[in-house]
Amino acid sequence: MNTNLKIFNTLKRKKEDFEPINPPFVGMYVCGPTVYSDVHLGNCRTFISFDLIYRYLLHLGYKVRYVRNITDAGHLEGDRDEGDDKFAKKAKLEQLEPMEIVQKYTLGFHHVMRKFNTLSPSIEPSATGHISEQIEMIKEIIANGYAYEKNGTVYFDVEKYNKDYSYGQLTNRKLEELLEGTRELSGQDEKKGRLDFALWINAKPETLMKWPSPWGWGFPGWHIECSAMSTKYLGEMFDIHGGGMDLQATHHTNEIAQSQACNQTAPVKYWMHTNMLTVNGVRMSKSAGNGFLPEELFTGNHPLLEKGYSPMVVRFFMAQSHYRSTLDFSNEALQTAEKWYYKLMKAGQILNKLKTQDKSSVNIEELKNNCYEAMNDDFNSPVLISHLFEAVRIINSINDGKESISQNDLDVLKSLYKTFVYDVLGLTNEDIPSASNDLTTELINLILNLRMEAKKNKDFATSDKIRNELTAKGVIIKDTKDGFEWELAD
RNA sequence: GGUCAGUUGGCCGAGUGGCUAGGCAGCGGUCUGCAAAACCGUGUACGGCGGUUCGAAUCCGCCACCGACCUCCA
């Protein structure tokens with residue numbers, strides 16, 4: 001199976017030919033959300049980017065098992081491997097059970113993902129549902145000599161691991177350099193090494209979420225869940241692991257170490273990292289307080305927003321930058337995206353009523369090749385979109401009678417549009433406003449037919465009055481050669 | 001300080017050793033009773049300084065600026 005697809009592999013820091021381990025099967029794991037608060041738009045960007053990647057892999061014919069986890073335990077407030085986890089803290093704050101917090105924000109996350117028209121992953125495993133798998137993995141790592149237990153907490157021995165494997169390979173850093181950036185251990189520390197991190201954390205009497213283990217009651221460290229669940233569902237070695245760039249240095253580095261220490265094999269062939277969404281050049285994040293909630297964006301209910309933007313406009317906005325580039329969030333950029341989006345959708349409607357001729361004056365095959373070339377080049381959606389606008393131009397020109405198309409080419413063009421606009425970019429046209437019922441449609445047609453009569457009689461005062469008043473009510477009128485078209489403004 | 005990205009025309013955003021995406025906005029035109037929409041035309045941009053080359057925005061070096069990660073975050 002040769003698809004000419006190239007993927008930028010963080011591990012090698014270059015684009016590589018994509019060759020799945022067991023074609024046509026592809027295993028893809030993406031680090032999902034920690035469900036202790038609402039997902040913001042930056043989180044969404046990563047999942048929308050991987051949705052595009054998933055959709056294109058499916059389109060190419062791969063049988064993809066897409067696993068995206070839900071982190072619902074073990075994610076601590078700081079990186080000191082001590083203190084409460086995020087769920088317990090939030091639960092106390094809202095006077096709820098931790099699992100109520102998990103449920104609330106998991107549902108919220110799914111709701112938002114549906115609005116953005118993302119496909120559901122094949123499996124969406126949660127950390128709390130895989131405690132025993134995590135414990136088994138930790139036991140194996142201890143048995144292999146890369147972890148040690150101290151007072152009910154199990155730590156990963158980074159320096160020991162680095163003697164046999166390369167710890168900082170994902171970020172191209174040496175252990176010595178990493179050590180320089182860490183604080184000295186205090187006398188009370190249980191860790192042997194400054195870079196050691198917890199695989200299992202001993203529960204305190206007040207800890208709300210805890211499970212029994214060979215080391216007493218406790219809960220898993222943040223990183224082990226991904227190692228355990230990816231191994232369980234995708235095997236000891238799988239094709240693609242994705243996540244936000246911010247996870248690269250710590251979370252993914254530790255994940256590689258855990259899996260390698262347990263299974264004695266590098267877990268992932270292609271590491272993919274999405275770049276950050278920024279606001280005025282600064283990363284959107286929970287801690288910076290500059291996060292937009294998707295709902296605020298849809299409604300426009302936010303001090304930085306001039307108006308609301310539909311989920312499909314936002315999805316389009318995200319596709320117009322490459323997943324490895326930062327994307328800066330601004331009103332102007334969204335307004336442009338909105339125009340693009342409607343243009344694309346309108347052309348899609350015109351496409352369905354184009355008339356064919358014997359010969360084509362346009363080159364549809366070339367257009368099609370260009371689209372595939374763009375996506376094969378590390379999922380370059382901005383370039384894909386530029387080619388789709390060539391398709392828009394062609395469609396409009398044919399409609400205006402300035403270009404012609406054969407039935408065969410029209411079929412190819414329709415299939416191309418369906419593939420890339422709807423299947424791959426994941427856009428839907430449900431956001432184009434239409435009349436709410438047949439009566440409205442008939443009334444508008446009736447009024448516009450009266451206007452046509454006025455025009456015929458050169459009574460332009462009346463025809464312009466009708467147009468102005470309908471425009472004021474949100475009905476946009478376009479005169480054609482022998483009639484009219486109309487649509488509703490949003 | 002270390003690691004990794006980036007700096008492209010009014011704006012967004014690709015890309016590549018020579019043929020110099022695309023869109024938005026602007027300007028001119030076609031069409032129209034006038035509009036709107038659509039289409040056509042129009043902008044010669046690649047942070048600075050050196051170097052390699054017949055030729056660099058594209059490769060190399062230095063510098064400047066900005067960002068991410070190195071402390072929880074997709």
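Computation of the quantities below employed the complete heavy-atom set of this structure, encompassing side-chain atoms and omitting hydrogens, waters and symmetry-equivalent molecules. Every chain is numbered from 1 and lettered A, B, ... according to where its sequence line falls, protein lines coming before strand lines. Everything numeric in this text was worked out from a predicted model, so none of it was measured.
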Exercise. Under 4.0 Å between a side-chain N/O of A:R393 and OP1 or OP2 of B:G22, yes or no?
Worked result: no
Problem set entry | Selected nucleotide, minimal atom distance to A:S321 side chain, candidates B:C39, B:A35, B:G13 | B:G13
Exercise. How is A:M276 classified with respect to the nucleic acid when contacts are heavy atoms under 4.0 Å: base, sugar-phosphate, or nothing?
Worked result: base
Problem set entry | Any A:N396 side-chain N or O less than 4.0 Å from OP1/OP2 of B:C39 | yes
Exercise. Are more than 12 heavy atoms from other residues, nucleotides or ligands located less than 6.0 Å from atom NZ of A:K414?
Worked result: yes
For this session: Indicate whether OP1 or OP2 belonging to B:A5 is found under 4.0 Å from a side-chain N or O atom of A:N275.
Result: no
For this session: Assign A:Q320 to base, sugar-phosphate, or nothing according to its heavy-atom contacts below 4.0 angstrom with the strands shown.
Result: sugar-phosphate
Problem set entry | Between A:T274 and A:T46, a side-chain donor and acceptor under 3.5 Å | yes
For this session: Ignoring hydrogens and angles, answer whether the base of B:C34 and the side-chain atoms of A:R467 contain a donor-acceptor pair closer than 3.5 Å.
Result: yes
Exercise. Reckon A:K89 has a side-chain N or O less than 4.0 Å from the OP1 or OP2 of B:C72?
Worked result: no
Problem set entry | Rounded distance in Å between the C1' positions of B:A45 and B:U7 | 13 Å
Exercise. Quick one: is A:K343 getting a side-chain N or O under 4.0 Å of the B:C24 phosphate, OP1 or OP2?
Worked result: yes
For this session: Report the nucleotide, chosen from B:A37, B:C4, B:C34, that has the shortest atom-to-atom distance to any side-chain atom of A:R451.
Result: B:C34
Problem set entry | ring pair (Phe, Tyr, Trp, His ring centres under 6.0 Å) between A:H273 and A:H252, intermediate numbers included | CA-CA 10 Å; A:H273 289 97; A:H252 291 161; 5.0 Å; yes
Exercise. Contact class for A:H40 vs. all strands (heavy atom < 4.0 Å): base, sugar-phosphate, or nothing?
Worked result: base
Exercise. In whole Å, what separates the C1' atom of B:G47 from that of B:G9?
Worked result: 14 Å
Exercise. Can you find a side chain N or O atom of A:S325 that sits less than 4.0 Å from OP1 or OP2 on B:A14?
Worked result: yes
Exercise. Does any N or O donor sit under 3.5 Å from an N or O acceptor when you compare the side chain of A:D464 with the base of B:G33?
Worked result: yes
Exercise. Just checking A:D479: base, sugar-phosphate only, or nothing, at a heavy-atom cut-off of under 4.0 Å?
Worked result: base
For this session: Assess the side chains of A:D72 and A:T128: does a donor N or O sit below 3.5 Å from an acceptor N or O?
Result: yes
For this session: Please say which of A:Y270, A:F50, A:Y66, A:W271 ends up in a ring-ring contact (aromatic ring centres under 6.0 Å, His included) with A:H241.
Result: A:W271
Problem set entry | P-based separation of B:C65 from B:G28 [nearest Å] | 42 Å
Problem set entry | A:F47 ring over B:A74 six-membered base ring, under 5.5 Å and 30° | no
Problem set entry | Spacing of the C1' atoms in B:U44 and B:A57 (rounded, Å) | 12 Å
Exercise. Could you state the interatomic distance from CD1 (A:I48) to CE (A:M113), rounded to the nearest 0.5 Å?
Worked result: 5.5 Å
Exercise. When we call it a touch if two heavy atoms are under 4.0 Å apart, what does A:S463 touch: a base, just sugar-phosphate, or nothing?
Worked result: base
Exercise. When the P atoms of B:G18 and B:C59 are considered, how many whole Å apart are they?
Worked result: 11 Å
